[in-house]
Structures are given as structure tokens and as C-alpha cells.
Amino acid sequence: MAEAAAFQGTGPSPARRWLRRTLTVAVGAPLLAGLLHNPAPAQAAADTPVSRTVDVAIDTLTPSAPVEGDTVTVTGTLTNRGKRTITDATVNLRVGPRMDSRSEIDQVARRKGFRSDSDPRPLDAPEIDIANLPVGVPRDFRISVPVSELDLDDEGGVYQLGVSLSGQTSDARWDRVLGIERTFLPYQPEPTAKRTQLTYLWPLISSAHISADTASDEQQSAVFQDDELAEELRPGGRLDEMVSLGKDLPVTWVIDPDLLASVDAMANGYRVKDGTGHAAGTEPNRKLAERWLGQLEAAVQGRKVVALPFADPDLASLAHRGKAVPGSLKHLQSATALAGSTVETILHVQPATDFAWPVDGAVDPSIMAVATSAGARKVIARSDSIQDDDLSYTPTAARPLGGGTTAVVSDAELSTAFQGDMVRAETSTLAVQEFLAQTLAITLEQPQDRRSVVVAPQRQPSVSQAQAMAAAVRGLGAKRWTEPLDLVAAAAAKPDPDATTAVPRAGQYPKKLRATELPVDAFRDMKTTGDELDDFKVILSDATRVVPPIGNAINREMSTSWRGRTTEAAIYRVDVQDVLQRLTKSVVLVDKSDLTLSGRSATIPVTVQNRLLQDVEGLVLRLTSSNGTRLKVDGGTSAELPITVRAGHSQSVKFPASANANGQVSMTAQLYTADGTPYGTSMTFSVKVSEMTPTVMLVIAGGVLLLVLAGVRMYSQRKRLAARAAEAEARAEAEAEGEDGAPEHTAAGTVGAPAAKDTTEGDTADGAGHPSDPDADTGSESGDPSGPGEKVDR
């Protein structure tokens, strides 16, 4: 046969195979008759390990939902997992009867091995003959058959389609089923009168990538934790694939605004943490972000877009753990308020912002209360949480809960259809076929009624999962039993009066989900950071440089993306706190050394330093004395002065102080905001008071004066003694010269010599010296002429 040519060689002809089987039966008949007490193994009704000897993989089934006139083609591989080579094997198609319910589809999907009581008989044709199938060697197969030969009902329905391999081994020389794989064939030759309205959510959500830090440039470039977002934006990356696939599908885009803000920040120039600092992001990554945003903007034009609260907060964690911490709900409110403007600014579309989406659609009364507290009026739940056990059909998704709140209950089976590993073609194909079969079964449950069904898949599908999801949605494109409907319209659809509107009790919330919630400590950290930010922003001249990046980072701390990543979540919270504390500590009191205060009054300077890139204002500096009796500040125990410090500068404030007694006093300086809230840490220093009274000062002054007078007297006495000694020496020299033959004296003086100057005149004119000098003690004045060796005091 033509199909057999897909193998390496061909098997024996049908006639020869029939002859060999006939001979085998003839030869073995007597032996079987003699061993009736121990008959040869026949095909058991129940699944046996033998029927799993061969792994049959269905890699493709086209078309996935055939119509009359189509030819169904199945391709795949056969792998012998046993210990012996399989011989005389045959590959057959098995098409079962129509299935009547979704539960029957579930049962077939769970089966593994062959069951003769439930698996249909093989088609007579076509079949593929395999002479031998060695152990562990995969072998491809391909079977095609017209729809007209599948014996399908004219009204259509869901059918089981299986591919089986029958053959022999050396230890069992009889034909038996050694492997089988099942899938589903949805067949609806004509569109139904009332098609099911199907809403498929297409989520664009990622984890938190931006830190609380920003660069110091004018644009305040965002600082990313890492460069992993760029990997998702690359061609073939997860987010790139979501946009490339979704742009051609009738889906409702569900977007986390934080993802848009992150990609937009990357497109406008960003930085990435690098050790203790950060480095510039690459130009190729910037262009990747720019390209992705352009493609997404084009894809969502004219389409319905739902914006989740900023950073996709974990509503269940907030309801179960966060409410114990005051102020936690305000973060959800700010995240909700930010959602619409972010999406509209970046994508230029008006999104719906009144939807909340708890993790896995699991709800309880506290989750519903938290979800609606920030303005959401529609909560996306799931049918394994809000269950309709009493209904034999799938009801419409919308459920009015009262008070203007609507639960949009997504179908659990359809929503979880692609959560497994979809990398293998076999896994993806089986998931797509089961998804299509389930949707047709929903329509056929009550074909006379039009119902609305919502599919809410996993938040962050992988590339392979997204591809499988897209294949399933495309499989419904013929609109034979479904038609697309956006989420806003699905929430407004007429509800089924028989569908339950009861919200599960708190005790029914899944333990597995509760175990992965954010701890109470996480919300305490958020409160601490938020309070510090509130205290800090009031002193800033331009709070917009600080509040948005740190406020958004606090919102990211509540993200559902931290589920299962406890350590990473804690590290991120610490990083946010560190960034804020680094900023707040940039406005500090400069440490002072201890001071000594002499006198009754003085000024005490205190310096405030501002290392920020903007001015700080609205601060009050308070200086307090620990002992107001000994040392007062501006007449009291404490004093306050307003202060404004320019960016990158320091400012000193001088406080008047007055002392009343000696001793040491401890002083405390503390900054306060305008509303009296302490800002930063206080500074303490000591002041030693050494005050001197007037009596003490007079005693000290008198003592100093006496010392000065005593010094003057001693100096005067010494000068007189020196003058007398000089005069006595001069006289002695004059007398000595007279005895040796002095010249004759005349009235005019010494002969042949000029007249001597008047010593009295000379003393008066030149020799007097400074007024403070002591008077020369010259004795009584003589009228005799001076001797030739007499010194005249000039």
C-alpha cells in the first residue's frame, strides 16, 4: 500500500500474511487442545502491561476538525519499549462510536493501555504492515483515510480515534495489541443552529523586572534587576510569540500594565544592575522593546483589552495574609488606579479596568471582598472553585452575585488543557484534539440553548503552550459549533438561572494554593517601606522623582509572579527598602564633637547635609537640652528652627544658648517634618559649661594688674642701676686722663678742638628715650669742661 512506503522497506503482502497466520493457527490447534487447563493468553478485557509494549505517538492529525469530503491524515512514531523484536505487525486506525458527554471524553483521555471492552475494532482499511520492529528504534507512520470511510454519524459528534499496533514476539507467537494511542475526532459537518459563544483570554503577563532604583540622569532611566525581559522579547521568545500568535486570533487581551511600563522603559533607554552599581542596557535590546511595543499596539487596535491592576497583585495573598497589616489595601487601590492610564498611554487603546483575576480562579468570600474593594465589579473565577455539581450541562459563565458584582466562571477543563509540557508534538496534538472535542460536547449538551463559555488559561504560557493554544483557537475558526465573544460581552451575557451563585467557604480554598501565598511578613515590609516613603516625600521639592518608582516597586512586591519564588520575593523587598533608605539617609545631621561653652551666652551650630539631586524643604530642626536649668536653648529646654537645604549642599543652623551653672550637658538634635513626624535618626553631643562670675573675674584681673606693676618696677630699677654704673665708669676714665697731662682749659673750651655740646641739651633732645624709660641718674651738674674720653648720651 502507498502508506507502507513511509517505512524503510515494505512488509509481506496481505495474502502471504493471511496464509502464515492460518498455518500458525492450524499447527497450534492440537497443542492448544492438549493444554486446555493452561490456555494461551487471550486478549483480556482489562488493560494489561503487554498492550503498552509499543509506544504509539500521534504527532499530527489533520484536519483537526474534519467536515464531509475531507481526508483525515494521522502521522506519528512507533517505538518498541519491550525486550524483544516485534514481527508480523500491523498498524490500524480505530474509530469508536459517538461519545455522549464530557465525562466520557475524560474517561477515554485517562486510559493508557488497550481495552477490548471499550476500544473499537480496527478499520479494515487502511492498515500498515511492519515485518519487524526492533527494540528502541523509533519508526514513523502515516495513515490517511477519507471521512466517508470512517462511518461517522450525519449529525456529527465527538468520536474516539485510536492508532494501534498488533504483532508477535519471539516468546508469544500470536497476534495481540502491543500498543495503542487514543485521541478525539470532533466532527460537525454543518454549523449548529445556536453556537456556543467562546471567550478565550490571551494573557500578556510577566514577572517583576524593574527595581526601585533609577539613574541620576534627567530622564531617570529605569534600573532593571536583570536582562531576562529582553530574552522574552526576542523573536521566538515567549512574549514575542504571544503577540505574533495572538494578533490573528479572536481573543481578549488581558494585560498587566507593569509589563507595558517595563518594556516602554527599556525602549526609552534603561540600565541593568551590575554588582553594586548599574550599567547601560544594550542598544539591540532597546530596539527589541521598541519593535515589540509597535507590534502589540498594531495587534490590539479595534480589539477588546482588559487591564489588570498594575503588577498583577496577588488577591488571595492580600485577602488571607495582607488584611492583617493595616494599610495593605491601599496598594491595591493605587495599582488599580494606575492600570488604565498606563495601557492607554502606551498602546493608545481604552482598556476595561473593572476585572479582577485571582490565582487559578480560586475564590472565597474574603477574596471576593478584596477584589471588589478597589473598584472591580467582575471577578474571573473558575468552575473547579464555583462548582455546578447539580447540572448535567455546562452553564453560561456569567453569575450575578449581588451588589453589582459578577463572577465570570471560566471552564476548568478548557482552561487547564495546555498547562502540561507541550514541547512534544504528540502532547500538543492530543491536547488540541481534546480541547476541540470538549467544546463540541458543550454545544451538543443543549443544542437548543446558546451559552457563553470562558477560557482563562495559565497566566504565563510557555512558547510551546502558546502555540498549542493558538492551534486550538484556530481549530474553532470555522465557526461550526462556536463563535468568538470578548470578555466584556461575556460578563454581560444573560446568566443561567439554574447556575450556582454561591461563593465557596474559606475552608474550601485549595491548600496547595494557600501554601504558596505571600507571607504576612511580606505585607509588613510593604507597610514599612510605604510609611518611610510617605515621610520622605513631604520634604522633597520634586517628589515625582522618587514617589512613582518606589511606589510602583511596592506594587510589584504584591505580584502573583512571586508564587513559588519565596526567596526571590524576599530579596526584591529588601532591595526596595535599601534604595529608599539610601535616599532618606542622604539628608542627615552632620556629627558634632563635644563643645565647651565659656561665658554666660553663646551660639551652638548644627549642620544638615543634603546629598540628593534636589532641594529639601519643610524640615524643622529641633535642639533639646538634657538639663534646662544648667543650659538653656533660646531661653527654654528646646528650640526649633525651619531649614531648607539646596541639592548637594550643607546648611548650618545656629541656636542661641545661655548657661546658668557649670557642668556637662547632653544635647540632642533631631529633624522633623512639618507635621511633627521625626525624620531620620537623632544626633547627640555634649556641651561643657565653664561660666566665670564677676567676682572671680575681678580677682583674676587684680592679680594680673599686680603682676604687670611689679614687672614695671623691676624693669625701672634695673635700668637705673645700669645708668649709674655707666656714669661711674665714665668718671673713672676722666680722672685717669687728667692725671696723665690734661690740656689747658679756656673759657672757649679745649684749644684746637670744637666746643663740646651741652649734655643737658643733648639729654633733653635726644637722650630722653621713650617716656616709659627710667630717668638717667646723672647726679649734680658740673661746670667743668668734659674730658676728652667722656661719653655723651645722645
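For CD of Q301, the number of neighbouring non-hydrogen atoms (other residues, nucleotides, ligands) closer than 6.0 Å is greater than 12. Surrounding CG of D151 are at most 12 heavy atoms belonging to other residues, nucleotides or ligands under 6.0 Å away.
The pair R234-E241 does not count as a salt bridge, with every side-chain nitrogen at least 4.0 angstrom from each carboxylate oxygen. Checked for salt-bridge contact, D360 and R459 miss the test: no charged N lies under 4.0 Å from a carboxylate O. Taking 4.0 Å as the cut-off between side-chain N and carboxylate O, R102 and E413 count as a salt-bridged pair. Taking 4.0 Å as the cut-off between side-chain N and carboxylate O, E445 and R451 count as a salt-bridged pair. A salt bridge links R84 with D171: the distance from a Lys NZ or Arg NE/NH1/NH2 to an Asp or Glu carboxylate oxygen falls below 4.0 Å.
In plain terms, the two heavy atoms of P122 and R94 that are nearest each other are CD-NH1, 3.3 Å.
Side-chain contact, T482 with R195: no donor N or O sits under 3.5 Å from an acceptor N or O. Using a 3.5 Å distance cut-off with no hydrogens or angles, the side chains of S144 and T71 do not pair a donor with an acceptor. A donor-acceptor contact closer than 3.5 angstrom links the side chains of T169 and R176. A side-chain donor-acceptor contact under 3.5 Å links Q160 and D119.
For the atom pair CG (D411) and CD (Q438), the distance works out to 7.5 Å, reported to the nearest 0.5 Å.
Checking each of N80, L165, L78 against L178 for a side-chain contact (heavy atoms from CB on, under 4.5 Å) leaves exactly one that passes, namely L165.
Between W253 and W202, the angle of the ring planes goes over 60°, which puts this pair in the perpendicular group of the 30/60° scheme.
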